[in-house]
Amino acid sequence: MSTPRAAAVSPGGLHELTVVSLAHIHDPATTPIFPGDPEFTLTTAATINEDGYYLQRVCCGEHTGTHWGAPGHFEPGGALADDLSPADLFLPAVRVDVRAAAAADPDYQVTLDDLAAFERRHGRIPAGAAVIAWTGWADRWGTPAYANLDRHGRPRQPGFGLDAVRWLIGTGRLGRRGALGSDTFGPDPGSDETFAVSRELFHEHRISLENLTNLAALPPAGAWVLAGGTVNRAGSGSAATVFGLLPPHPRDGGRRRRTTRTIRHQDGRRHR
């Protein structure tokens, strides 16, 4: 698998930013398909020798490969792709590293403890952020270990805990506009066939960023993400190129002053 390239941005006052790709190559030979999703094919439709130009025909679902999901993907009456504005696809990003826990447990769920530890080290998650779980699952791309199907054909992948997601929403860190992202099929633990996390996420004007890669290039805090892709009429989302926009001095892991914020669990326990 080739390593995604990074490029300096030069126009206007953006010359100090670095752009990195967080998207997999869209390729039927390597792209895992979520169970039940449409087949992905890429065929030659025209050639230079025969037609004077080269063109491929792409057939796939809106959620094939690296992609974003719109609220209407799960929420009846929720915003669809053509209801979103460019600002909905351009968000401050934080990357929560749970690789060690996910390596030990494929069903691992990002917890309130994980979020508390992140904020102690990197500062408060900004309002309306894209909160991205770095599970290490992208290293499995192109192999059966990515879907990691159990004997019932269900994916076994890490995701976000519902408790943690409700806290992110309730405290405004996701707010009405924001995102959950992951280097897996989606924000839900793979074994949850109810998609409880996605349903909670899409109650408001929020999106998902799914099947991300190259998250080592994204700092824990201080960067932004920008999602592209086609805007289909009444679309549930779009296969996309997702970019990380890195400032010259991101908040890349230095220990920050400890705060006295309180994180409250659903059962009443607290983290300070």
Side-chain angles (χ1 to χ4, degrees), residues 19 21-28 30-43 45 55-93 128-133 138 141 146-147 155 157 159-160 165 169 174-188 190 192-214 224-245:
V19 180
S21 175
L22 306 179
H24 290 281
I25 300 297
H26 206 54
D27 180 0
T30 56
T31 300
I33 302 298
F34 188 83
D37 274 10
E39 181 185 5
F40 176 21
T41 61
L42 191 61
T43 56
L55 180 72
Q56 294 189 101
R57 178 184 295 109
V58 182
C59 295
C60 64
E62 292 176 316
H63 290 242
T64 297
T66 301
H67 65 276
W68 49 266
H73 183 42
F74 276 99
E75 181 76 5
L80 295 169
D82 49 337
D83 297 317
L84 300 178
S85 71
D88 295 317
L89 304 176
F90 180 49
L91 302 168
V131 180
I132 298 170
W141 191 258
Y146 189 82
Q157 294 184 336
F160 285 87
V165 172
I169 293 170
L174 287 183
R176 185 172 182 272
R177 172 183 285 165
L180 290 176
S182 179
D183 52 359
T184 65
F185 277 138
D188 301 275
D192 181 10
E193 295 180 306
T194 70
F195 302 103
V197 165
S198 287
R199 295 182 189 281
E200 195 76 24
L201 173 70
F202 290 134
H203 281 327
E204 290 284 355
H205 205 77
R206 295 181 287 261
I207 65 169
S208 61
L209 298 169
E210 308 181 18
N211 291 325
L212 299 175
T213 190
N214 196 32
W224 289 68
V225 289
L226 175 63
T230 58
V231 178
N232 298 326
R233 179 68 65 194
S236 67
S238 179
T241 301
V242 179
F243 297 105
L245 306 180

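Fair warning: this is a prediction, and the values are worked out from it, not measured in the lab. Along the sequence shown, residues are numbered consecutively beginning with 1.
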Task: Partners passing ring-ring contact (aromatic ring centres under 6.0 Å, His included) against Phe40 (at least two apart in sequence or in another chain) - done: His26
- [ ] Apply the test side chain to side chain contact (heavy atoms under 4.5 Å, CB included) to residues Thr213 and Asp183: give CA-CA distance (whole Å), side-chain angles for both, the deciding distance (0.1 Å), then the verdict.
- [x] CA-CA 6 Å; Thr213 190; Asp183 52 359; 6.0 Å; no
Task: Nearest atoms (heavy-atom pairs only) where Asp82 meets Ala234 - done: OD1-N, 3.0 Å
Task: Over all atoms of both residues, closest heavy-atom pair of Val19 and Phe243 - done: CG1-CD2, 3.7 Å
- [ ] Drop me the distance from Leu22's CG to Asn211's CG, to the nearest 0.5 angstrom.
- [x] 12.5 Å
Open item on the list: Tyr146 vs Gln157, test: side chain to side chain contact (heavy atoms under 4.5 Å, CB included). Steps then yes/no.
Closed with: CA-CA 8 Å; Tyr146 189 82; Gln157 294 184 336; 3.7 Å; yes
Task: Spacing of Arg206 atom CZ and Leu91 atom CG [to the nearest 0.5 Å] - done: 12.0 Å
Task: Nearest heavy atoms of His205 and Asp88, plus distance in Å - done: NE2-OD2, 2.9 Å
TODO: Mind checking the OG1-CG spacing from Thr241 to Leu226? Nearest 0.5 Å is all I need.
DONE: 10.0 Å
Task: CD-CD1 distance between Glu210 and Ile132, expressed to the nearest 0.5 angstrom - done: 12.0 Å
Open item on the list: Please find the pair of heavy atoms, one from Leu84 and one from Ala79, that lie closest to each other, and give the distance.
Closed with: CD2-CB, 4.1 Å
Open item on the list: Working to the nearest 0.5 angstrom, can you tell me the gap between Phe160 CZ and Asp192 CG?
Closed with: 14.0 Å
Open item on the list: So, applying side chain to side chain contact (heavy atoms under 4.5 Å, CB included) with Leu89, which one of Val231, Val225, Ile207, Leu209 is it?
Closed with: Ile207
Open item on the list: To the nearest 0.5 Å, what is the distance between OG on Ser208 and CZ on Phe74?
Closed with: 8.5 Å
Task: Exercise: do Ser236 and His63 side chains pair donor with acceptor under 3.5 Å - done: yes
